[in-house]
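Take a look at the structure below.
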Amino acid sequence: MLKKDPLGKGLSAILKDVEEKGTSRLIQVAEITPNPEQPRYNIPEDSLVELASSIREKGVLQPIIVRKKGKGYQIIAGERRFRASVMAGLRELPAIIKDVDDKEAIEIAIIENLQREDLNPIEIASAYERFIDVFGYTQEELAKKLGIDRATISNFIRLLKLPEWIRSLIREDKLTQGHAKVLITLASEHDQKRFVDKVLKENISVRELEREVKKKSAGVRSVFGHVEEVLRDALGTK
């Protein structure tokens, strides 16, 4: 059975349309500057080294997307390819030049980054949230634009409500998105820490975590049920 793409079937079509409407040419690396609004927070050094090696052997297979900025060009999308190309010693890069404003540039950058297969759930959630904050999309509108279910967007964005230390564990691939969805249901950070420790020490699955959390919830309900019964008898009320 094919795995459903959480990033949206509409992304490729959107980016293809962007590329087809731009002007393609070779640009000197010295004329290109990174984008300070780059939505990709973490680009691992080892992935750059690997890509640089591939570029030395095969060249840059996909153009970066830039816009005119001052006397040179600013990257809209493709910063990882740009960095790896610099590392590989290239002097010029294939680029698609777009005539866009700041807002459009950010939107293209986010869409391009969402196409990456190695994004962690927190990066995906942050990208979705940025669409909503910067462009004013509702979750329904964003889901329609990207060709995915609204619930998918909602589930990702909920991850951002977790404490930062848990989000860091998700970024580091020490907790899965499934574990995180269970942890969100816990009311206190103290309980979240207790169950996170259990996941890390015992390497329990999402299903096992769900069972443990349900047992805890059942225990709490049992205690409160007993207190309720005592008060009902003592006060003679319902």
Side-chain angles (χ1 to χ4, degrees), residues 3-8 11 34-55 75 77-88 106 109-134 139 142 146 148-149 151-216:
K3 185 179 179 183
K4 188 173 181 181
D5 182 1
L7 302 182
L11 290 175
N35 187 347
E37 296 294 330
Q38 160 64 237
R40 175 79 166 169
Y41 300 112
N42 179 38
I43 304 178
E45 187 71 17
D46 57 348
S47 75
L48 287 176
V49 172
E50 185 179 336
L51 182 55
S53 176
S54 173
I55 287 172
I75 297 171
E79 183 151 345
R80 181 169 170 267
R81 270 165 281 152
F82 168 73
R83 291 194 199 178
S85 297
V86 171
M87 191 180 287
I106 295 171
I110 296 173
I111 289 171
E112 200 265 354
N113 273 278
L114 277 173
Q115 282 199 309
R116 297 188 51 77
E117 294 180 357
D118 63 344
L119 286 180
N120 63 62
I122 299 301
E123 287 176 316
I124 295 171
S126 297
Y128 288 156
E129 185 181 59
R130 197 166 181 194
F131 263 121
I132 291 167
D133 290 346
V134 175
Q139 289 188 12
L142 181 57
L146 301 182
I148 57 179
D149 295 332
T152 299
I153 292 174
S154 178
N155 286 336
F156 271 104
I157 290 177
R158 284 182 70 208
L159 298 179
L160 301 178
K161 295 180 180 179
L162 287 166
E164 174 56 32
W165 63 273
I166 296 182
R167 283 181 275 161
S168 293
L169 291 171
I170 299 170
R171 291 190 196 98
E172 295 163 10
D173 205 25
K174 293 178 180 177
L175 288 175
T176 69
Q177 183 180 358
H179 288 115
K181 285 169 70 175
V182 179
L183 293 169
I184 289 171
T185 66
L186 294 166
S188 75
E189 189 171 345
H190 177 268
D191 285 339
Q192 288 174 336
K193 186 175 189 316
R194 183 159 67 88
F195 282 104
V196 166
D197 288 343
K198 192 172 184 65
V199 172
L200 298 180
K201 289 176 183 176
E202 301 177 24
N203 194 31
I204 65 174
S205 68
V206 174
R207 289 278 179 88
E208 289 171 317
L209 179 61
E210 286 175 341
R211 284 196 291 269
E212 293 289 336
V213 169
K214 281 180 182 176
K215 276 196 286 185
K216 174 191 175 299

I'd like to check [X] versus [Y] (side-chain heavy atoms, cut-off strictly below 4.5 Å). Are they in contact?
| X | Y | answer |
| --- | --- | --- |
| I184 | K161 | no |
| N120 | D173 | no |
| V49 | M87 | yes |
| R194 | L186 | no |
| E129 | F156 | no |
| L183 | L175 | yes |
| T152 | L146 | no |

Shortest non-hydrogen contact from [X] to [Y]?
| X | Y | answer |
| --- | --- | --- |
| I75 | P34 | CD1-CA, 4.0 Å |
| L200 | K174 | CD2-O, 3.8 Å |
| L142 | Y128 | CD2-O, 3.7 Å |
| E210 | V182 | CG-CG2, 3.5 Å |

Distance check, rounded to the nearest 0.5 Å: [X] atom [atom1] versus [Y] atom [atom2]?
| X | Y | atom1 | atom2 | answer |
| --- | --- | --- | --- | --- |
| N155 | K181 | CG | NZ | 4.5 Å |
| L159 | E123 | CG | CD | 12.5 Å |
| I132 | Q139 | CD1 | CD | 5.0 Å |
| I204 | R211 | CD1 | CZ | 9.0 Å |
| I122 | S168 | CD1 | OG | 8.5 Å |

Handout entry: Q192 versus W165, side-chain donor and acceptor atoms under 3.5 Å
Key = no
Problem - Short N-O contact, E164 and R171, less than 4.0 angstrom - result: yes
Problem - Basic-acidic side-chain contact under 4.0 Å: R83, E79 - result: yes
Practice task
List the steps, then state whether side-chain contact (heavy atoms from CB on, under 4.5 Å) holds for I110 with V134.
Solution key: CA-CA 11 Å; I110 296 173; V134 175; 5.8 Å; no
Problem - More than 12 heavy atoms from other groups under 6.0 Å of CG on D133 - result: yes
Handout entry: Residues which pass side-chain contact (heavy atoms from CB on, under 4.5 Å) with A84, listed by chain and number, not counting sequence neighbours
Key = L48, L51, A52, I55
Exercise for the section: With sequence neighbours left out, write down each residue that passes side-chain hydrogen bond (donor to acceptor under 3.5 Å, both in side chains) with S205, or none if nothing qualifies. Expected result: E208
